[in-house]
Amino acid sequence: MSEKVGVYICHCGTNIAKTVDVEEVSRWAGEQDSVEVSRDYKFMCSSLGQELIEEDIKEKGLTRVVVASCSPHMHEKTFRTACERGGLNPFLFEMANIREHDSWITEDITMATQKAKALVKAAIERVVHHKPLEPLPVDINPNTLVVGGGIAGISAALELANAGYHVYLVEREPTIGGHMAQLDKTFPTLDCSACILTPKMVEVGQHPNITLLTWSEVEKVDGYLGNFTINVRKKARYVNEETCTGCGICIEKCPYKIVDNVFEAGLGVRKVIYRPFPQAVPKYPVIDKENCVFFQRGKCKACQLFCPTEPNSIDFEQEDEILTFQVGNIILATGYDLFDPTRIPQYGYGRLSNVFTSLEFERMVNAAGPTSGKVVLRDMKSQPESVAIIHCVGSRDKNYNEYCSNVCCMYSLKFAHLIHERLPDAEVYNCYIDMRTPGKGYEEFYHRLLDEDTHFIRGKVAEVTDAARSPDEEGKLVVQVEDTLIGMQRRLPVDMVILSPAMEARYDSRKVSQLFKMGCDFDGFFVERHPKLDPVATMTEGILIAGACQGPKDVPASVAQGSAASARVASLIAQGTVMMEPVRASINEELCSGCRICNNLCPYNAITFHEDQEVSEVITALCQGCGTCVAACPSSAITGAHFTNSQLMSEIEGILWDVKKPELASA
Amino acid sequence: MSEAFEPVIVGFLCNWCSYRAADLAGTARIHYAPNMRDIRVMCSGRVDPQFVLKAFREGADGVMIAGCHPGECHYIEGNIKALRRYMLLKQMLRQLGIEEERLQLVWASASEGTVLAEAVNQMTEQIRTLGPLNWHETVLGGGNGRVKHQTVEVTQ
Amino acid sequence: MKKYAYFPGCSLEKLALSYHLSSLETAGKLGVELQELEDWNCCGATTYFHVDQLLAYTLVARNLAMAEKEGLDLVAPCSACYKNAFFTNKYIKEDPDLAEHINFALQEDDLQFNGNLAVRHLIEVFADDVGAAEIKSKVSRPLEGLRIAAYYGCQIVRPRKNSEDVENPQFFEELVTAMGAEPTGFPDRLRCCGGSLIMTSRHAALDMVRKLLQNACDNHADVIATACPLCQVNLECYQQQVNEEFGTNLSIPVLYFTQLLGLALEIPSKSLGIGTELVSAAPIFSRFLEKEVA
Amino acid sequence: MATKPSFSTEIANLLYASHGNPLNTCIQCGTCSGTCPVAEFMDQTPRRLIGMINANLKEKVLDCNTYWFCASCYHCTVRCPANIDIAEVMYAIKRYSIWHKQYKEGLVGPVFSETFVKTIVKSGRSYEPVLAPSYMFSFGPKEFFQEAMMATKMMLRGRIPVLPPRIKRLQNFKEVIRRIIPMGGSS
């Protein structure tokens, strides 16, 4: 085995050359076994640098290439392509990271140079064991699953459907629209939320390329990029969608009302057979089985009695359905939950009746909401003369959520504005830690509120209490806070307190991430492939994320992400086939003892066991290349391509080339 | 060699979190001990116990395995498998008479350059205090290849 | 019968003797044995930590070591003693270096502390180990109609010891209910009474006392119940001074929860130390004590 | 390079390791000062004090009454969104101030603390009448009169001891202390 290795040491201007003696490394590398040529060059990633590699492959007949420069996450692709242009299989290349991992972490030239040699030696030893590999072609099914029918999911679905691709949109509530449908106005333009959202909802409902599955949940996901099999449970609505005209007579005639804790945030009521709101899409109502008198006590059937359609659309016998279909890609847009402010007892929510959450207030100011847009106290009639809005409830706080929830400053400003608009004489206090308004037109909106004479108090509220200490506090809620700009504790007596709770990951986001086999961060938000350069892809091929399930964000950002995820999917569908990194495991049937240890270890269920031959097999398309099975196989029957045992063992030997080994010396 | 002892640590860094954490530490110009020489693996779950033993046998004074935080593994739970192997390995190394500090498992996410740098610094200092491993002396007991510690009790 | 090492603390020797007496009486009635720690020393209160932290931990550790020797968990009726003991125990367990320093010093008294015990507040023992339901079943003279403001103060609940609710605890109110009395609303029940400032920052401390008393009175409490000698002395004995300082006219009895519980268990009021208070509690008790007198 | 540590570092070093997060993680939100029941009596709010420590304003920090007015109620500690143990920070500054004998004039706190400690070191327990006279001189005449009146009432109800309490193994106890403070501590 005599490979001809070319070694290239990059100066990266002075980035590497300042701390690593590159000439010395290059000279020394030239003396190593198998090395045919060793060079150092100012910028290996420049076209001239790349040409050096190409020419050496052609002229000196190199069979392996090592570049010592920056992180492979920067330029591995660049140099692989250069090798390919020179006529070498791109996988016969290896990179040594002597910048991020070496020259930038120390000023000690001797140590840095020594480490550079070790990393280069490791790459040389490794690369001679490399095998030519071919990328794996995978066909892409042109259908797409979008999970979640909020504004992010709607944007994603419409984008793809308009491009001519079929979309399954699955939503667990009876209607699409998500949180945005509950809002009154959107900041900073104060557009009516429903007015801009409902046309999109209707478009989804009517689009020939969209199969809309509401009151449904994804139960099972099998497969891989290009070819997922999805099982969806379509819960029984007890209303036949084929015949229902959505006339609403059943809702009108239903004799039972219950508090609507979902759409109206507990402020309003709905019937037991209901549509969350008049513009709901689809228009079909749903029966709330838990509260339906017929289901609980066997009597009533008022809805059925009055249903005017023929045949009758109310079907008490309806059962859940399981639908199965194939898709090539999945976009998750499962949204967020609002932080539960009862977790901060000192803010009094649930105990002091005139403390409201942001969502309650949104419903209250909504003209279509339970108070027809009137701002009132919990008694539903008196109007507050003073209101305090508390920012950062459950965010920027290590006791709850450490992150900034991104949207609360802006919606709190919006609330202040809406109160000024409805109650011009009311005093409005905004208590904030820092005012965060980084968006187009956002800072201008803040200034508008300053003009409107909102009282801004810089300080995180300590507590809200009804314990009065002076006559002007009697009968009021007292907000105790340090006004940090004057360095004084203040007590603000107000009639109403609005809490601005954080956006949190959905309560079941971990379960969802396991279902779709992708990652979730500490806070429960889905993890993007790269926080800057790949914000809508995930570490699992074929699964993309959009909207607040990835982190707190506002409407424009959610729309942008929804559309971006769709663009990614559309480009894959347009390619028809994609090439995947061939870093995959495979099992040598001869060596496999059939012990099945690997079967359960695989996080992707990519290993099947053939009972007849008593051997396991890796389904290449399912394998993601983590190598867990390779490390576990007691018979060394599994090979992880590009990370084989011999490659890694040689790398270890190389990286420790300079360490004295007495037992080897004496052997 | 009369110079001061410089420990050599072999680091197995997972491609998605810890390798990127090391990239970030470099990009942020965080200075830390250059004593850790890293090998990229796709997942900490790929680290075969053999690799660790091989590194010690080849003369490493310490081995660091670094992966994503539990629950944040790119491959769902490869890091948990790494953790289990690490526990077993530690037990085995103890029986071979190798100090605990010589094998360390670190969780560092892609954004935690400082965490990784700190861990490397700390480990380097610990091993500097311990001195060279001398696998040959410690484990093989003098050179003829026979294992010295044969009757070690397996403790829970 | 569950047995504990009982650490009364300096205040209970005289200043809060009634707390000491009523604790032993009620504990006995509820089947809890409080075995007083022999030759205990002062825990350093808050003050010692102002001067030398390591020495303060050592003082506490001496008591802990003696309790550990008996094989018993330590129970303290004073919130400050409790907090000091709880955290010293915790830090010694977590920090071998601290443990080594302290044990080196303790050798002089032939003691050694290994961290094998739990530290409890007396009210925790009653509320958790005995339990409100059990107490309710033993109450023979329910304090019907008595409105009690249950005052937690600071250091029972703060800083956070385990995962308890530090902003909205309920165990004290549950005990009050178990006595057959009515817990009043008392929004300031977790506010500090300023006990540690009464000697050093008199005006501030009196103002804190005033606010608390006012809040209890605004909520129509007949009596304030406390679980800490510092709180009791501060809230009760300084009422006169509060009135002088602020021109108020506050007068509300302040008793230990054990005294109130003792009444509900029909223990003679004298054994509970009732009658030594500066703001007499007699008027509110007359109807419960009638039988006793007769 | 033996440079003198900055004031903020000195205070940080005085915090026991498990006492929450370091002061430089403070986001100046004011939760501590909004919560503090004594804030209105302080020269500077606790938040500002932390800011001043981080800015190394040693003289200004030591010269304000804030940390001596802390009642150790730990309400700020449990609420701090940065998990800083603010009450323990106040303890740390108190210790620093006592060791360096540098504090605002006219405060009773430092004298009281030292007297209290001496009592414990002498007898193993604290004792009100011994304590009182030694720091009472720093009281104004009004407070002195208040205290004397109350003490009399208390005495009449048997709530103040006549003889100072002592622990039995006092000699051992003193030796224990001597191992922590080699100079003895008692005076």
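Numbered from 1 within each chain, the chains take letters A, B, ... in sequence-line order.
- Distance check, rounded to the nearest 0.5 Å: CD of E167(C) to CG of N399(A) gives 9.5 Å.
- For N219(C), no part sits under 4.5 Å from any heavy atom of chain A, backbone or side chain.
- Of the atoms belonging to R191(C), it is side-chain heavy atoms, and not backbone ones, that fall under 4.5 Å from chain A.
- Shown here is K374(A), whose NZ atom has no more than 12 heavy atoms of other residues, nucleotides or ligands within 6.0 Å.
- Counting non-hydrogen atoms of other residues, nucleotides and ligands closer than 6.0 Å to CD of E385(A) gives a total of 12 or fewer.
- Each of V166(C), L190(C), N168(C) was scored for a side-chain contact (heavy atoms from CB on, under 4.5 Å) with P345(A), with one residue passing: N168(C).
- Heavy-atom neighbours of E244(C) CD from other residues, nucleotides or ligands within 6.0 Å: above the threshold of 12.
- Contact annotation: the side chain of R469(A) never approaches that of Q214(C) to less than 4.5 Å [non-hydrogen atoms, C-beta and beyond].
- Taking each heavy atom of A468(A) and D218(C) in turn, the nearest pair found is O-OD2, 4.0 Å.
- No more than 12 heavy atoms of other residues, nucleotides or ligands lie within 6.0 Å of NZ in K136(C), so this atom counts as exposed by the packing criterion.
- Within 6.0 Å of NZ in K398(A) there are more than 12 heavy atoms belonging to other residues, nucleotides or ligands.
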